[in-house]
Amino acid sequence: MTHNNTEEDSTKKTSLNFIEQIIEQNLAEGKNESRVHTRFPPEPNGYLHIGHAKSICLNFGLAQKYNGLCNLRFDDTNPVKEDVEYVDSILEDVKWLGFDWEDRLYYASDYFDQLFDWAVKIIKKGKAYVDDQSAEEISSQRGTPSKPGMESPFRNRSIEENLDLFQRMKSGEFPSGARVLRAKVDMASPNMQLRDPAMYRIKHAHHHRTGDQWCIYPMYDFAHGQSDYIEGITNSICTLEFEVHRPLYDWYLDQITDTEYRPVQTEFARLNLSYTIMSKRKLLQLVEEKHVNGWDDPRIPTLSGLRRRGYTPDAIRNFAETIGVAKRDNVIDVALLEYSVKQDLNKKANRVMAVLDPIKVVITNYPEGQIEELEAINNPEDESAGKRRIQFSRELYIERSDFMEDPPRKFFRLTPDKEVRLRYGYIIKCNEVIKNAQGEITELHCTYDPDTRSGSGIVTRKVKGTIHWLSITHALEVEVRLYDRLFLNENPDNVEEGKDFKSNINPNSLTVINGFVEDSLANAEVESKFQFERTGYFCVDKDTTSEKLVFNRTVLLRDSWAKMIKK
RNA sequence: UGUCUCAUGGUGUAACUGGCAACACAUCUGAUUUUGGUUCAGAAGAGUCUAGGUUCGAUCCCUAGUGAGACAACCA
């Protein structure tokens, strides 16, 4: 496609996902005054996870793309499950991801008065009634998906009686659960959602925002569409499990309005990630049963966990962009998420040398007490990151895995009588392997070639391998937390009879070790990110104290050597 | 003997609304490299769930089947 078409180039014709197609069609038809107004509607009953990030990016992203607006609205209609702790964390996470709801922060609970009035309106139309039965009785009359339900004996109460009873429900005359207000739709509908769903239930519970003002609370279905309507939402985007609710969403709207403006509900497939779980309920279980250390444990896919793990907002937004939006069930390979961070951190994170599993090296021909400063590049992908100085001396640490006494073919690291380059330093040769009584290697005696210093301009010879190292006296001892996937199975819910997802928990998902880093990191700030050269990306954990730095391993670097020896 | 939704390489998403399938990840080669990183070049891998139909022509439209998912909280 190299011919003409400046027009096509300028319009940047990328393919649209199915929601964008719907929006563009609506726009073309002038529907809802050609506005695009979305919303992200979390219930404050848990922490946000990467699946929510998909929805956040979708909703805010669509608004941005089509010059519209996106609201943040808490769907707080169930006081017994909700809490301000969650509200706060959600606000923080959405902000952190990089989205701005400006002055449009709303709560469904702000609409309780309006919702109540609408309920009264529906009762007056004869389309809602108070049911005195218990939840069990109502449930027993509901039927099954393939068998119609039975009508409640209270279904045909007079409007006056319904009005009176509903008012008394509101004023607190009845105990929790004693009565419900039900929509009068169709007990024989093949769609279970339409079999006279509950609109209001009695809960004498303290609400995190309205306090004790109310003792009746609207159900999700009776609150969501109306909240959308109140806010002027044009596209109410939710996940697939609400598909069967759409007729009810529309039914309630039909009862309260006849305006031309209408919010439209569209469903997309939620995100699933291999080797992890996304269910709020299960996440809560992991936290409460202490299988992980809190909602921000770096092993779970909560946004606070990913943030602590070292993920960046950019990485997550790019990830959301890459996975796309569609209606079919999907399981995304975690490798794609990991690729997103690596791609982002490769450009942003400064390189640094760290030895996580040290073995001592003595450069026998290097003068005792001598210290040299070598120049190191902070980030080869970003010249503006500058350079730093690192100290070289007679006694060093190298990575234990960078030495082998009896190496396989193509092992380009240190071996007896062979040479490697110490990054930014000299070429060294191993002359002697010192072992303890158990036969474990405790020390390597090497010699260096003073003519091979990096940057000296003299290239006497090339060596195949370069390894990282640390001058022992200049190294900082730090704690390093190595994370592995939390679950052993690609699908954690895939378990034997009688067991649950927790039986798939990886017992080795966290390994805490002590390692060493350059002293240039002494004052590294919490959440700052680094690439430990040849190892992976790491970030400073909030558990860091003035005494000791703590690092989290975000992700390993691609390791083609590891791949090779696997075969 | 329910209703609704979905079905494209290993994974995910496309295919300008009918002109024989593209991109990303993963996999595998090779090159470059003072990170076995990055980057670059390349390869392999689907004939689009099945069977009919409409059409000159179907991933796309229609019908039937198959498979998967959702729905029976006073949860969202």
Side-chain angles (χ1 to χ4, degrees), chain A residues 8 13-17 21 41-43 45-46 75-78 80-82 131 133-136 138-140 142-149 176-182 189-195 197-203 216-217 219-221 223-224 238-247 267 269 274 280-281 322-333 335-340 342-343 346-347 351 353 377 380-381 410-413 420-425 427 452 454-455 462-468 531-536 557-564:
Chain A
E8 252 183 47
K13 222 168 180 185
T14 47
S15 63
L16 304 175
N17 64 48
Q21 287 175 16
E43 183 190 14
N45 68 341
D75 228 331
D76 55 351
T77 56
N78 187 1
V80 305
K81 290 192 175 172
E82 297 152 9
D131 197 327
Q133 300 180 103
S134 67
E136 297 70 45
I138 290 175
S139 162
S140 71
R142 199 178 299 290
T144 69
S146 54
K147 256 180 268 158
S176 295
R179 286 179 163 83
V180 280
L181 180 70
R182 289 228 261 169
S189 171
N191 182 342
M192 299 288 291
Q193 304 305 321
L194 261 22
R195 320 249 261 232
M199 293 167 65
Y200 267 94
R201 70 296 213 188
I202 302 172
K203 277 179 192 285
I216 56 171
Y217 293 93
M219 298 289 291
Y220 162 84
D221 289 295
H224 202 93
C238 59
T239 43
L240 248 29
E241 65 270 29
F242 292 100
E243 207 153 31
V244 284
H245 292 241
R246 195 180 343 125
E267 310 85 12
S274 60
K280 265 193 193 177
R281 204 196 87 239
T322 314
I323 59 175
V325 185
K327 294 194 79 160
R328 77 175 104 157
D329 294 327
N330 61 82
V331 182
I332 309 278
D333 192 339
L336 187 58
L337 215 212
E338 294 175 345
Y339 170 79
S340 300
K342 282 188 269 191
Q343 189 188 230
N346 179 46
K347 292 176 296 189
R351 274 59 170 172
M353 293 203 280
I377 295 164
E381 307 295 318
K410 291 194 172 177
F411 183 81
F412 303 145
R413 281 109 102 143
V420 275
R421 172 172 291 282
L422 293 177
R423 174 134 241 228
Y424 297 123
I427 290 177
T452 57
S454 287
K462 284 211 154 201
V463 284
K464 196 77 176 156
T466 298
I467 62 173
H468 59 277
Q531 184 195 97
F532 289 180
E533 290 213 35
R534 304 209 305 133
T535 304
L557 247 28
R558 173 182 283 161
D559 188 349
S560 42
W561 168 245
K563 244 179 228 171
M564 202 172 181

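Within every chain, numbering begins at 1; the chains are lettered A, B, ... in the order of the sequence lines, protein sequences first and strands thereafter. Any value given below was found using the heavy atoms of this structure, including those in side chains, with hydrogens, waters and symmetry copies removed.
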Can you figure out which of [options] approaches the side chain of [X] most closely?
X: A/K203; options: B/A72, B/C75, B/U13; value: B/C75
X: A/P380; options: B/C75, B/U35, B/A76; value: B/U35
X: A/D329; options: B/U11, B/C74, B/G69; value: B/G69
X: A/A326; options: B/U13, B/A72, B/C74; value: B/U13
X: A/S15; options: B/A15, B/G37, B/G12; value: B/A15
X: A/A335; options: B/C74, B/C25, B/G36; value: B/C25

Spacing of [X] atom [atom1] relative to [N] atom [atom2], expressed in whole Å:
X: A/H224; N: B/A76; atom1: NE2; atom2: P; result: 11 Å
X: A/L194; N: B/A72; atom1: CG; atom2: P; result: 13 Å
X: A/N330; N: B/A68; atom1: CG; atom2: C1'; result: 13 Å
X: A/K563; N: B/A26; atom1: NZ; atom2: P; result: 7 Å
X: A/R558; N: B/U35; atom1: CZ; atom2: C1'; result: 14 Å
X: A/E241; N: B/U3; atom1: CD; atom2: C1'; result: 17 Å
X: A/Q531; N: B/G37; atom1: CD; atom2: P; result: 11 Å
X: A/E243; N: B/C6; atom1: CD; atom2: C1'; result: 9 Å

Under 4.0 Å between any heavy atoms, over every strand shown, what does [X] touch: base, sugar-phosphate, or nothing? Just pick one.
X: A/K462; value: sugar-phosphate
X: A/M219; value: sugar-phosphate
X: A/R421; value: base
X: A/E43; value: sugar-phosphate
X: A/F411; value: base
X: A/F242; value: base
X: A/Y424; value: base
X: A/V80; value: nothing
X: A/R195; value: nothing
X: A/V463; value: nothing
X: A/S560; value: sugar-phosphate
X: A/Q21; value: base
X: A/Q343; value: nothing

State the [atom1]-[atom2] distance between [X] and [Y], to the nearest 0.5 angstrom.
X: A/H468; Y: A/L422; atom1: NE2; atom2: CG; value: 11.0 Å
X: A/L194; Y: A/H245; atom1: CG; atom2: NE2; value: 10.5 Å
X: A/K410; Y: A/M564; atom1: NZ; atom2: CE; value: 4.0 Å
X: A/E381; Y: A/N346; atom1: CD; atom2: CG; value: 4.5 Å
X: A/E533; Y: A/L557; atom1: CD; atom2: CG; value: 9.0 Å
X: A/D76; Y: A/E82; atom1: CG; atom2: CD; value: 5.5 Å

Which way is the base of [N] turned, syn or anti, if we draw the line at 90° from 0?
N: B/A73; result: syn
N: B/G30; result: anti
N: B/U17; result: syn

So, OP1 or OP2 of [N]: does either fall under 4.0 Å of a side-chain N or O from [X]?
X: A/R281; N: B/A73; value: no
X: A/R534; N: B/G36; value: yes
X: A/T77; N: B/C75; value: no

B/A76 base stacked by A/Y220 (centroids within less than 5.5 Å, tilt under 30°): no
[atom1] gap between [N] and [M], integer Å:
N: B/G19; M: B/U48; atom1: C1'; answer: 16 Å
N: B/U11; M: B/U27; atom1: P; answer: 15 Å
N: B/A21; M: B/C60; atom1: C1'; answer: 12 Å
N: B/A68; M: B/A58; atom1: C1'; answer: 24 Å
N: B/G37; M: B/A31; atom1: P; answer: 13 Å
N: B/A24; M: B/C20; atom1: C1'; answer: 23 Å
N: B/U35; M: B/A44; atom1: P; answer: 31 Å
N: B/G9; M: B/C49; atom1: C1'; answer: 15 Å

query: Side chains of A/Q193 and A/N191: donor-acceptor distance under 3.5 Å anywhere?
result: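 Per modelled atom types, A/Q193 and A/N191 side chains form no pair under 3.5 Å.
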task: Quick one: sort the A/Y220 and A/F242 rings into parallel, tilted or perpendicular, breaks at 30° and 60°.
output: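 Judged by the thresholds at 30° and 60°, the geometry between A/Y220 and A/F242 is tilted.
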- prompt: Closest nucleotide of RNA chain B for A/Y339 versus for A/L16: which of these residues is on the 5' side?
  reply: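 The residue closer to the strand's 5' end, by nearest nucleotide, is A/L16.
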RNA chain B: 5'-proximal contact among A/P145 and A/S139 (nearest heavy atom):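 The answer here is A/P145.
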query: Do side-chain atoms of A/R195 reach the backbone of A/T144 as a donor and acceptor pair under 3.5 angstrom?
result: yes
message: Quick one: does any side-chain atom of A/Q21 pair with a main-chain N or O of A/L16 as donor and acceptor, under 3.5 Å?
response: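 Yes; at least one donor-acceptor contact below 3.5 Å.
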message: Wobble G-U and Watson-Crick pairs count when both distances are under 3.5 Å; given that, what is the 5' to 3' dot-bracket string of RNA chain B, with | for pairing to other strands?
response: .((((((..((((.....[..)))).(((((.......))))).....(((((..]....))))))))))).....
I'd like to know if [X] reaches the base of [N] with its side chain, counting only an N/O donor and acceptor under 3.5 Å.
X: A/E381; N: B/G37; result: yes
X: A/H245; N: B/A76; result: yes
X: A/E267; N: B/U5; result: no
X: A/R413; N: B/G36; result: yes

message: Could you report the tightest heavy-atom contact between A/R351 and A/I377, atom names first, then the distance?
response: CB-O, 4.3 Å
message: Evaluate A/N78 against A/K203 for side chain to side chain contact (heavy atoms under 4.5 Å, CB included), listing each step before the verdict.
response: CA-CA 9 Å; A/N78 187 1; A/K203 277 179 192 285; 3.4 Å; yes
